[in-house]
Amino acid sequence: MGAPNRTARAEAKRAIVRLKRAESEARGLAKELPKGARRARLDDAVADARSVRKSVAAERSDSPRRAARRAARAAAKLERVSRPIGAADGARGSAAVGSSADERAKARAKTIKQRRKQAQQSQKMAKFVAAHVIGASVSTSGDDDAPKRAQRRTKT
């Protein structure tokens, strides 16, 4: 009876590690988002996942199968909560159903990471556009001497 229980505890431990990885990715995504309702919702989900991870780690020795199942559900919930944040990516929206637990966990972490990168990219584009608009407004002069000054600059 020791060996099946040992393997179940090992599987629960792997599930907890996968949850921690998904939690880390979701936390990174939350940091990239501007303050608001979406960030608050994701922060709440990360806090829930953390409390689940701690309670699952405590119950791993007593009920390892239940601990593994709760950890997997918490990781899947993190992915679901992060879904509205990224762009609609259709088929890559969630982990494959028929694959193993490790593959599903890697796919979840990868999906959350992609969403974080998308959020970073959109913020970069916004900053880029804002900087160029400010630069264009500063360099465009409204006075009549501007063409003469530009001509003098090109001569020297």
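Side chains included, hydrogens not; waters and symmetry mates left out as well; all remaining heavy atoms used.
In this structure, Ala72 has no side-chain contact (heavy atoms from CB on, under 4.5 Å) partners at least two apart in sequence or on a different chain. By the side-chain contact (heavy atoms from CB on, under 4.5 Å) test, Glu59 pairs with Ser63, Arg66, Ala67, Arg70, sequence neighbours left out. In terms of the side-chain hydrogen bond (donor to acceptor under 3.5 Å, both in side chains) criterion, residue partners of Arg14 (sequence neighbours excluded) are, by chain and number, Glu11. Contacts of Lys13 classified as side-chain contact (heavy atoms from CB on, under 4.5 Å), with partners at least two apart in sequence or in another chain: Arg60.
Without hydrogens or angle criteria, Arg115 side chain to Glu79 main chain gives a donor-acceptor distance under 3.5 Å.
Note that CD of Gln118 and NZ of Lys113 are 13.5 Å apart. Values are rounded to the nearest 0.5 Å. Taking CZ of Arg50 as the start and CG of Leu78 as the end, the distance is 13.0 Å to the nearest 0.5 Å. For the atom pair CD (Gln121) and CE (Met125), the distance works out to 6.0 Å, reported to the nearest 0.5 Å. Atom CG in Asp44 sits 9.0 Å away from atom CG in Leu42 (nearest 0.5 Å).
Closest of all the heavy-atom pairs between Ala22 and Ala75 is CB-CB, 4.3 Å. Of all heavy-atom pairs between Ala57 and Ile16, the closest is CA-CD1, 3.7 Å. Considering all non-hydrogen atoms of both residues, Leu19 and Ala49 come closest at CD2-O, 3.9 Å. Shortest non-hydrogen contact noted between Ala58 and Ser61 is O-OG, 4.3 Å.
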Give the table of side-chain donor-acceptor pairs shorter than 3.5 Å for residues 24-37, with sequence neighbours excluded, one pair per line with atom names and distance.
unit_1, atom_1, unit_2, atom_2, d
Glu25, OE1, Arg116, NH2, 3.3
Arg27, NH2, Glu23, OE2, 3.4
Glu32, OE2, Gln120, NE2, 3.2

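Counting only residues at least two apart or in different chains, ring pair (Phe, Tyr, Trp, His ring centres under 6.0 Å) contacts with residues 102-129 comprise Phe128-His132.
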